[in-house]
Amino acid sequence: MINVFAMNAQQNNLECATPESSIPDPAGIYSYSTDLNYFADKDPVVLNIYFWGIKYPNGHNDFENREHDVLQAVANLNIMYNQFNIFFKYRGFEEIDSPVLPNDPNGYYILETISQYHGLTSWATANGYKKADAFNVYAFGWANWGGGIASMPGLTCGVSSDSIANNLTVHEIGHNLNLGHTRSVNEHTTRDPQNQYFNADVAGDKVVDTAANSGFYDSSCQCTPYVDQNTCNYFGTETDNSPDNVPYDIDHEDVINIMGNAYGCSEQYLTTGQGIRAREAIAAGYYNAAITNVSSLYEPYAGAYFDPNNPNDQLYKPLFQPGFDYRFFECDCDCPEPAPYEDISFSYTQNILKQVSKYENDFSSIYHPNHTAIAIKIENEPIFWPQPRRCYDNPYRKPNSGSITKFNDNVFNTNITVTQKDSLGINNNNLVEQLEPGLYKIEKRYEEGNTEQDIIFKQE
Ligand SMILES: [Zn+2]
């Protein structure tokens with residue numbers, strides 16, 4: 001009964017409990033730039049991320065779909081941050097039973113206070129449920145005080161499990177990357193650095209291209225009193241608190257900003273200045289422990305490559321994380337295991353055997369087919385599709401169908417006879433032996449969609 005009550009009570013609580021930072025920025029780290037060219041010479045940075053699903057103390061779990069939602073969060077993070085050349089490498093997900101505090105009859109699952117959340121993360125850290133080399137996201141059940149909370153800057157955040165697949169995870173990781181809420185009653189409207197009341201670089205989120213605002217969400221009405229929830233435009237007449245009481249200058253992008261707390265209007269939108277601030281926080285070294293190599297993005301997060309000793313198509317699907325545009329180009333090498341990332345000596349064609357959108361949500365379909373190399377679209381790179389990597393060309397993989405084309409005149413013309421072959425037929429070891437003398441084309445078709453053709457002239 002307690003759990004049902006909590007679910008009903010907390011279902012709509014999307015408020016973020018991350019406190020506003022009143023600490024001035026340390027000197028020499030942040031440029032407060034809003035120049036898109038900032039990213040031109042910035043190499044990709046790849047950050048490990050790991051998720052923990054918090055279950056009831058007795059092991060019960062309200063969120064059967066949580067692993068799928070976690071993968072959606074990974075996709076959302078990459079779709080949001082790749083434009084800043086920030087990538088997230090999914091390192092895994094574990095379900096763990098929550099502990100129980102003596103004076104907390106509900107257990108940790110329903111977090112009644114923010115200090116209980118901190119108790120949860122302290123317990124997790126002490127018990128091996130925190131990765132030292134990754135961002136750690138704790139998908140808790142419900143909380144009385146909000147839907148998410150993050151350390152800022154930091155490597156730990158918590159998100160309510162029913163929000164893990166929506167914008168809230170991207171919002172909390174934004175806090176980890178030292179992005180504040182755009183709201184602040186102390187930030188002034190002017191964006192002119194020469195204006196004596198200019199304080200956009202020291203007040204509020206300390207980002208210059210997010211407009212000053214007092215906050216769009218009012219918790220007393222649980223509504224956005226000055227935001228039209230249909231158009232997501234601001235219609236208020238509020239002013240800043242400078243001596244001139246300058247009206248706020250808030251546009252649609254400020255309302256939908258993912259750090260803007262306009263709830264129903266929040267979208268996957270961050271400004272250039274926010275992206276630069278996140279990159280500068282990374283450059284300052286706060287996340288060095290979680291940084292990994294670009295090559296890690298070309299490794300599966302689950303599944304395995306084909307094992308000739310146990311040939312089962314269903315078992316061997318090396319799965320790749322969602323959130324990227326992939327192209328799998330036809331390639332050729334002696335590679336029963338994928339070539340190392342650094343080895344680009346294999347040959348490949350422009351034939352795309354498989355293409356995956358970053359919005360693909362059938363995650364089981366995102367796997368590395370045989371006879372292909374992986375290309376991941378890197379936003380903002382001069383080469384739209386970078387060098388394909390990790391050619392996987394396993395000769396033990398058998399075709400599942402094919403055909404034999406006989407050229408009846410023993411020359412390449414249109415006088416042909418085509419015989420379709422099923423899996424057994426095309427894999428018959430005596431296939432060529434059984435052919436009459438003559439000129440043939442043997443086509444082998446693979447499950448992945450590619451084909452191989454051999455021309456055979458069988459002598460009398
Ligand atoms: Zn927040």
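Atoms within a ligand are numbered from 1 in the order they appear, just like the ligands themselves. Worth knowing before you read on, the calculation uses all heavy atoms, side chains too, and leaves out hydrogens, waters and symmetry mates.
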- Query: Taking the Zn ion (ligand 1) as the center, what protein N, O or S atoms are found at less than 2.8 Å?
  - Reply: C16 SG, H171 NE2, H175 NE2, H181 NE2

- Message: Assess whether a salt bridge exists between R66 and D162, defined as any Lys/Arg side-chain N lying under 4.0 Å from an Asp/Glu carboxylate O.
- Response: no

- Hey, would you say the H368 and F328 ring centroids sit under 6.0 Å apart? yes

- Does Y226 have its ring centroid less than 6.0 Å away from the ring centroid of F216? no

- Check: T189 main-chain N/O paired with R191 side-chain donor or acceptor under 3.5 Å: yes

- Checking K354 against Y367: charged group under 6.0 Å from the ring centre and within 45 degrees of the axis? yes

- Could you tell me whether R389 sits above the aromatic face of Y341, with NZ or CZ closer than 6.0 angstrom to the six-membered ring centre and within 45 degrees of the axis? yes

